[in-house]
Amino acid sequence: MTVSPIHVIGGGLAGSEAAWQAAQAGAPVVLHEMRPVRGTDAHQTDKLAELVCSNSFRADDWTGNAVGLLHAEMRALDSIIMSCGDAHQVPAGGALAVDREGFAEAVTARLLAHPNITLAREEIAGLPPAEWDSVIIATGPLTSPALAQAILDLTGEGQLAFFDAIAPIVNLESVNMDVAWRQSRYDKEGPGGDAAAYINCPLDRDQYESFIDALLAGPKAEFKDWENVPYFDGCLPIEVMAERGRETLRHGPMKPVGLTNAHCPDVKPWAVVQLRQDNALGTLWNMVGFQTKLKHGAQTEVFRMIPGLEKAVFARLGGLHRNTFLNSPRLLDASLRLNADPRLRFAGQVTGVEGYVESAAIGLLAGRFAAAERLGRTLAPPPATTALGALIGHITGGHLDGGKGSFQPMNINYGLLPPLAPPKRDDEGRRLGAKEKTRAKKRLIGERALADLAAWRAG
Ligand SMILES: Cc1cc2nc3c(=O)[nH]c(=O)nc-3n(C[C@H](O)[C@H](O)[C@H](O)COP(=O)(O)OP(=O)(O)OC[C@H]3O[C@@H](n4cnc5c(N)ncnc54)[C@H](O)[C@@H]3O)c2cc1C
């Protein structure tokens with residue numbers, strides 16, 4: 001009996017990994033890549049898995065870094081992106097950086113040589129034909145306009161974004177609750193009956209003025225010529241708001257009304273920064289209305305001026321870019337299928353993850369899910385205690401819907417994984433300091449993840 005193919009659209013990081021995984025599982029694959037027939041504004045070559053900017057896959061240490069843990073899990077699952085990255089690495093300290101040409105050539109050659117893979121150099125300029133009954137769409141942040149429009153028509157207004165507007169996200173355990181307090185504005189109850197849904201960080205007048213000075217002086221990232229990112233209302237970068245007038249933020253996202261400082265009820269704050277819960281675990285909190293083009297180093301410095309955030313650990317820093325991504329928590333099921341048309345799966349950056357490695361990781365899962373389905377098997381997502389499971393869990397349900405535009409692209413980070421209590425003492429019984437506890441906790445999370453991944457794989 002001939003098995004009909006899985007069609008993978010887009011031969012970037014995610015599509016290449018998805019095609020490889022499905023083909024390795026025994027399913028026939030047709031990989032459709034539009035380059036060089038049609039280019040994008042960022043890609044320069046016709047190679048599969050081209051890295052459009054940096055050549056780094058970031059930190060490679062699974063014991064101390066969440067993306068390093070993702071590397072380790074992907075290696076354990078025969079990732080083509082990781083094995084070609086390892087084979088073409090260049091010196092980069094603790095990071096995995098690659099020779100981009102050697103890397104993309106190796107991915108291309110291995111995919112072309114695979115007996116189950118056929119490569120079609122063509123743009124899919126609309127919804128895939130009805131007879132394609134298993135499709136993975138992995139067309140990335142620069143999805144061609146015709147396909148993007150077709151997806152938008154299918155998913156509905158507001159469900160496919162063409163720009164991201166990212167506010168920073170803070171790990172809850174790094175917020176100083178001796179300064180910050182929980183309260184919703186005017187103690188208004190949310191749908192769940194919670195009248196203290198936000199974390200509030202108060203600024204007095206001097207602190208506000210110093211914050212505005214630092215915001216205005218901080219270095220900003222430039223837009224690329226082709227990005228044409230609009231400054232749409234309700235989504236202005238905070239530094240642009242501050243440029244319009246020093247009081248603008250105090251009447252916008254930093255307005256202090258309807259709030260009473262629980263630590264100091266008699267003193268009215270001059271301004272307040274609010275944090276809103278971002279994930280179901282309650283470990284990540286986003287800075288409401290704080291989308292920004294400040295450079296990353298400056299963001300850390302400037303946002304730690306906010307009382308309560310002096311030692312903030314940022315799970316994600318802010319940004320504003322041209323991007324194309326779905327409102328995945330609403331649109332996709334747990335195996336990345338579109339609820340409205342389950343023959344279509346999505347993978348890569350278009351699902352709302354961010355970065356080369358995360359995009360490839362979601363490609364890896366999409367390829368495995370599609371192959372299992374094609375070959376009549378069932379495959380559950382990896383456990384939430386693994387980096388792969390945490391990432392897919394976030395985009396298919398873990399993110400808490402905070403209204404229009406609240407779902408924004410996310411890198412892998414420890415805040416997405418269920419927390420573990422840090423050990424208090426080392427093996428010799430010596431009390432651990434704060435930094436040692438953090439290191440020990442990360443290692444334990446890594447050990448738990450790799451053990452749970454091995455069990456999932458065996459199952
Ligand atoms: C300018 C820019 C700079 C970036 N810099 C970095 C960085 O430094 N580090 C980092 O980790 N991430 C970076 N990113 C994010 C990066 O794009 C993703 O991390 C990663 O490439 C996404 O992988 P992907 O497979 O989802 O998309 P891509 O790798 O972009 O692959 C999508 C593929 O789909 C093809 N395609 C699009 N539409 C169609 C269609 N209709 N039919 C057929 N083929 C189609 C494209 O040609 C492309 O090959 C950057 C993104 C941009 C836009």
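Residue indices begin at 1 and follow the sequence shown. Treat the numbers as computed from the prediction; the structure is a model and nothing was measured. Numbering of ligands and ligand atoms starts at 1, following listing order. In what follows, every heavy atom counts, from backbone to side chain, and hydrogens, waters and symmetry copies are set aside.
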If you look only at distance, which donor and acceptor atoms sit under 3.5 Å apart when one is on a side chain in residues 139-152 and the other is two or more places apart or in another chain?
unit_1: T139; atom_1: OG1; unit_2: T143; atom_2: OG1; d: 2.8
unit_1: T143; atom_1: OG1; unit_2: T139; atom_2: O; d: 3.3
unit_1: T143; atom_1: OG1; unit_2: G140; atom_2: O; d: 2.7
unit_1: S144; atom_1: OG; unit_2: E123; atom_2: OE2; d: 2.8
unit_1: Q149; atom_1: NE2; unit_2: D153; atom_2: OD1; d: 2.9

**Request:** Test T155 against every option in D341, L338, N339 by the side chain to side chain contact (heavy atoms under 4.5 Å, CB included) rule and name the one that passes.
**Result:** L338

**Request:** Indicate yes or no for a side-chain donor-acceptor contact from H71 to the backbone of F57 under 3.5 Å, with no hydrogens or angles considered.
**Result:** yes

**Request:** May I ask you to decide whether D133 forms a salt bridge with R374, counting only side-chain N to carboxylate O separations under 4.0 Å?
**Result:** yes

**Request:** Flag the pair E354 and R316 as a salt bridge only when some basic side-chain nitrogen lies within less than 4.0 angstrom of an acidic carboxylate oxygen.
**Result:** no

**Message:** Between D61 and K442 (salt bridge meaning N to carboxylate O under 4.0 Å), is one present in this structure?
**Reply:** no

Sub-3.5 Å pairs, protein N or O with ligand 1 N or O:
unit_1: ligand 1; atom_1: 8 (O); unit_2: S54; atom_2: N; d: 3.1
unit_1: ligand 1; atom_1: 11 (O); unit_2: Y356; atom_2: N; d: 2.8
unit_1: ligand 1; atom_1: 19 (O); unit_2: Q349; atom_2: OE1; d: 3.1
unit_1: ligand 1; atom_1: 19 (O); unit_2: G355; atom_2: N; d: 3.4
unit_1: ligand 1; atom_1: 19 (O); unit_2: G355; atom_2: O; d: 3.1
unit_1: ligand 1; atom_1: 19 (O); unit_2: Y356; atom_2: N; d: 3.0
unit_1: ligand 1; atom_1: 25 (O); unit_2: L13; atom_2: N; d: 3.1
unit_1: ligand 1; atom_1: 25 (O); unit_2: A14; atom_2: N; d: 2.8
unit_1: ligand 1; atom_1: 26 (O); unit_2: Q349; atom_2: N; d: 2.8
unit_1: ligand 1; atom_1: 29 (O); unit_2: L13; atom_2: N; d: 3.4
unit_1: ligand 1; atom_1: 38 (N); unit_2: S144; atom_2: N; d: 3.2
unit_1: ligand 1; atom_1: 41 (N); unit_2: I124; atom_2: O; d: 3.0
unit_1: ligand 1; atom_1: 41 (N); unit_2: S144; atom_2: OG; d: 2.8
unit_1: ligand 1; atom_1: 42 (N); unit_2: I124; atom_2: N; d: 3.1
unit_1: ligand 1; atom_1: 44 (N); unit_2: M34; atom_2: N; d: 3.2
unit_1: ligand 1; atom_1: 47 (O); unit_2: E33; atom_2: OE2; d: 2.7
unit_1: ligand 1; atom_1: 47 (O); unit_2: R35; atom_2: NE; d: 3.2
unit_1: ligand 1; atom_1: 49 (O); unit_2: E33; atom_2: OE1; d: 2.7
unit_1: ligand 1; atom_1: 49 (O); unit_2: E33; atom_2: OE2; d: 3.3
unit_1: ligand 1; atom_1: 49 (O); unit_2: R35; atom_2: NE; d: 3.2
unit_1: ligand 1; atom_1: 49 (O); unit_2: R35; atom_2: NH2; d: 2.9

